[in-house]
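Take a look at the structure below.
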Amino acid sequence: GITRNVVIEAMVPSGLEHARGEKLVMEIGSLNPGESRTVRLALLAVGGGHQRLTVNATADDDLKQHSEADVFVIAPDLKLAAEGPGLRYVGRTATYKLHVTNTGAAVSSNVRVMHRVPDGFDFVEATESGKFDPASRVIKWVIRRGEPGDSVQVQVVLTANEIGDFVHQLGAISEHGARSETQVATTVEGNASLVLEIIDLDDPVEVGSQTGYEIRVHNDGTKSAEKVGVSCELPTALQLVSANGPTEHLNENGLIVFKSLDQLEPGNTAIFKVHVLGKDEGNHRFRVRLASDSITEPLIFEELTKFYEE
């Protein structure tokens, strides 16, 4: 007999898509004995892997039929992993390695890999024909083709030029829209490097005459030196005439101690001057001790001056 009020209900899985939604209801009407009718359902694949479409057909007189169809959707997929140093000092180079893997079941073509360089770093070089755009501060690579399971490594060398905490943003995207993103955090620190120099103004010096020593303390590092203190030790054959510098000083039994500088900025030089009178002839050693909270051990230097009598 005639089958009346035939209705098809299709349940669309999450990996497939239809403009009318996940549940589709299609009214077929009546079917004569032996008659068949075909309904075409166009779906868009939006997710990879196994997908199952479920279809139920109903009609009057409690007629029911159930069917399922499985489809495997081949989808490109990318995984981007990155490695780089967590700590660097100003002026040192840092190498960042990017690993791009095709983890999908389809070929990934024209994969663009990008590394945004933060402002605290300068570009040095990149492998695999990586191109750096100074305006956007982005390094770009293009991987033409990657079979499923293939992995490609690219790397870039940068120079740290500022103190602070920086985040490197990295991403990869294929022409099919598969994408992956990650980031690497790097802390850049500076270090204080103190250089001590003693200059004797006259050598040799006649006994009974004055001479002077100029003490230069230079911060050759990239970070301020904290609590920089200078002290001078005079031998008994020398008598202090005067001492001056950027801070006040104390003199006790031939030991001249200058009050510590709170900070000595990178590239700056602090100059201390000590004038003495020679009382006895001979080779006399003028000793200077430099200490700071920014260096592990004090620096001690000596300057030998010859005093003579006619």
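Everything numeric in this text was worked out from a predicted model, so none of it was measured.
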For the pair Ser294 (side chain) and Glu226 (backbone), establish whether a donor and an acceptor sit closer than 3.5 Å, ignoring hydrogens and angles. yes
Would you find more than 12 non-hydrogen atoms of other residues, nucleotides or ligands less than 6.0 Å from Arg37 atom CZ? yes
Any Glu214 side-chain heavy atom under 4.5 Å of Ile271 side chain: yes
For Thr187 and Asp165, what are the C-alpha separation, side-chain angles and deciding distance, and is it a side-chain hydrogen bond (donor to acceptor under 3.5 Å, both in side chains)? CA-CA 4 Å; Thr187 298; Asp165 297 320; 2.9 Å; yes
Between Lys23 and Glu9, is there a salt bridge with N-O shorter than 4.0 Å? yes
Can you check whether Val25's main-chain N or O pairs, donor with acceptor, with Arg20's side chain at less than 3.5 Å? yes
To check you understand the geometry: which heavy-atom pair defines the closest contact between Thr101 and Gly149, and what is its length? CG2-O, 4.4 Å
Is Leu304 reachable from Phe307 through a run of hydrophobic residues whose side-chain heavy atoms are each under 4.5 Å from the next? no
Interatomic spacing from OG1 in Thr269 to NE2 in His218 - rounded to 0.5 Å: 5.0 Å
How many angstroms lie between CG in Leu290 and CZ in Arg216, if you round to the nearest 0.5 Å? 15.0 Å
Per the side chain to side chain contact (heavy atoms under 4.5 Å, CB included) rule, which among Ser260, Pro246, Ser292 passes with Val228? Ser292
Checking Arg179 side chain against Ser174 main chain: does a donor-acceptor pair fall under 3.5 Å? no
Could you check whether any side-chain N or O of Gln51 sits under 3.5 Å from a backbone N or O of Gly15, counting only pairs where one atom can act as donor and the other as acceptor? yes
Starting at NZ of Lys273, measure out to OG of Ser242 and round the result to the nearest 0.5 Å. 10.0 Å
Heavy atoms, side chains only, cut-off 4.5 Å: are Thr222 and Asn191 in contact? yes
Grouping I, L, V, M, F, W and Y whenever their side-chain heavy atoms are under 4.5 Å apart, do Leu158 and Ile163 come out in a common cluster? yes
Would you say that Ile173 contacts Met114 through its side chain, given a criterion of any heavy-atom pair below 4.5 Å between the two side chains? yes
Would you call Asp133 and Lys140 a salt bridge, taking side-chain N to carboxylate O under 4.0 Å as the test? no
Are Pro235 and His284 packed together at the side-chain level, in the sense that at least one heavy-atom pair is separated by less than 4.5 angstrom? yes
Gln153: partners by side-chain hydrogen bond (donor to acceptor under 3.5 Å, both in side chains), with sequence neighbours left out: His99
Looking only at side-chain N and O atoms, does Glu265 offer a donor or acceptor that is under 3.5 Å from a partner on Ser224? yes
For a 4.5 angstrom cut-off between non-hydrogen side-chain atoms, does Phe121 reach Thr159? no
After noting the C-alpha distance and the side-chain angles of Asp262 and Lys227, does the key distance pass the salt bridge (charged side-chain N to carboxylate O under 4.0 Å, His left out) rule? CA-CA 5 Å; Asp262 290 336; Lys227 299 296 181 183; 3.1 Å; yes
In short, Cys232 meets Val274 closest at the heavy-atom pair SG-CG2, 4.1 Å
Contacts of type salt bridge (charged side-chain N to carboxylate O under 4.0 Å, His left out), residue Glu297, not counting sequence neighbours: none
Do Thr127 side-chain atoms and Gln155 backbone N/O form a donor-acceptor pair below 3.5 Å? yes
Decide yes or no on side-chain contact (heavy atoms from CB on, under 4.5 Å) for Val152 and Leu98, but give the supporting numbers first. CA-CA 8 Å; Val152 177; Leu98 289 69; over 6 Å; no
Could you grab the distance from atom CG of Asp122 to atom CG of Asp119, nearest 0.5 Å is fine? 10.0 Å
Test log, rule side-chain contact (heavy atoms from CB on, under 4.5 Å), inputs Leu196 and Val288: CA-CA 9 Å; Leu196 177 63; Val288 177; 4.1 Å; yes
Checking Ile28, Asp61, Thr58, Asp60 against Asn5 for side chain to side chain contact (heavy atoms under 4.5 Å, CB included), the one that qualifies is Asp60
Any chance you could measure Asp220, atom CG, to Leu194, atom CG, to the nearest 0.5 Å? 9.5 Å
Checking side-chain hydrogen bond (donor to acceptor under 3.5 Å, both in side chains) for the pair Asn268/Asn219: CA distance, chi angles, key distance, verdict? CA-CA 6 Å; Asn268 287 1; Asn219 185 356; over 6 Å; no
Taking it one step at a time, do His18 and Leu24 satisfy side-chain contact (heavy atoms from CB on, under 4.5 Å)? CA-CA 9 Å; His18 192 275; Leu24 307 177; 3.7 Å; yes
Please confirm whether the backbone N or O of Asp70 pairs with a side-chain atom of Arg52, one donor and one acceptor, at under 3.5 Å? no
According to a hydrophobic-cluster definition based on side-chain heavy atoms being under 4.5 Å apart (Ile, Leu, Val, Met, Phe, Trp, Tyr only), do Ile215 and Leu240 belong together? yes
Is any side-chain heavy atom of Ile143 closer than 4.5 Å to one of Val100? yes
Are the side chains of Val207 and Asp280 in contact, using a 4.5 Å heavy-atom criterion? no
Would you say that more than 12 heavy atoms from the other residues, nucleotides or ligands in this model lie under 6.0 Å from the CD of Glu175, or not? yes
Closest non-hydrogen contact found for Thr3 with Ala59 is CG2-CB, 3.5 Å
Steps toward side-chain contact (heavy atoms from CB on, under 4.5 Å) verdict (Tyr96, His115): CA-CA 10 Å; Tyr96 295 85; His115 179 159; 4.0 Å; yes
Answer with yes or no whether the hydrophobic clustering places Phe286 together with Phe301; edges join I, L, V, M, F, W, Y residues whose side-chain heavy atoms lie under 4.5 Å apart. yes
Distance in Å, Leu53 CG paired with Leu41 CG, rounded so as to fall on 0.5 Å steps: 6.5 Å
Can you confirm whether more than 12 heavy atoms, excluding those of Glu252, are under 6.0 Å from its CD atom? no
Tell me, do Val138 and Val117 make a side-chain contact under 4.5 Å, heavy atoms counted? no
Ion pair check, Glu248 and Lys259, cut-off under 4.0 Å: no
On a heavy-atom basis, which atom in Ser30 and which in Glu35 lie closest, and how many Å separate them? O-OE1, 4.2 Å
Tell me, yes or no, whether the heavy-atom count around Arg137 atom CZ, taken from other residues, nucleotides or ligands under 6.0 Å, exceeds 12. yes
Electrostatic pair Glu83:Lys97 at N-O distance under 4.0 angstrom: no
Checking Thr186 side chain against Pro85 main chain: does a donor-acceptor pair fall under 3.5 Å? yes
Does the pair His275 and Tyr213 meet the rule for a ring pair (Phe, Tyr, Trp, His ring centres under 6.0 Å), with working shown? CA-CA 6 Å; His275 292 271; Tyr213 298 93; 9.1 Å; no
What about Met26 and Val6, same hydrophobic cluster or not, with Ile/Leu/Val/Met/Phe/Trp/Tyr joined at side-chain heavy-atom distances under 4.5 Å? yes
Basic-acidic side-chain contact under 4.0 Å: Lys306, Asp203: no
Is the His249-Phe272 ring centre distance short of 6.0 angstrom? no
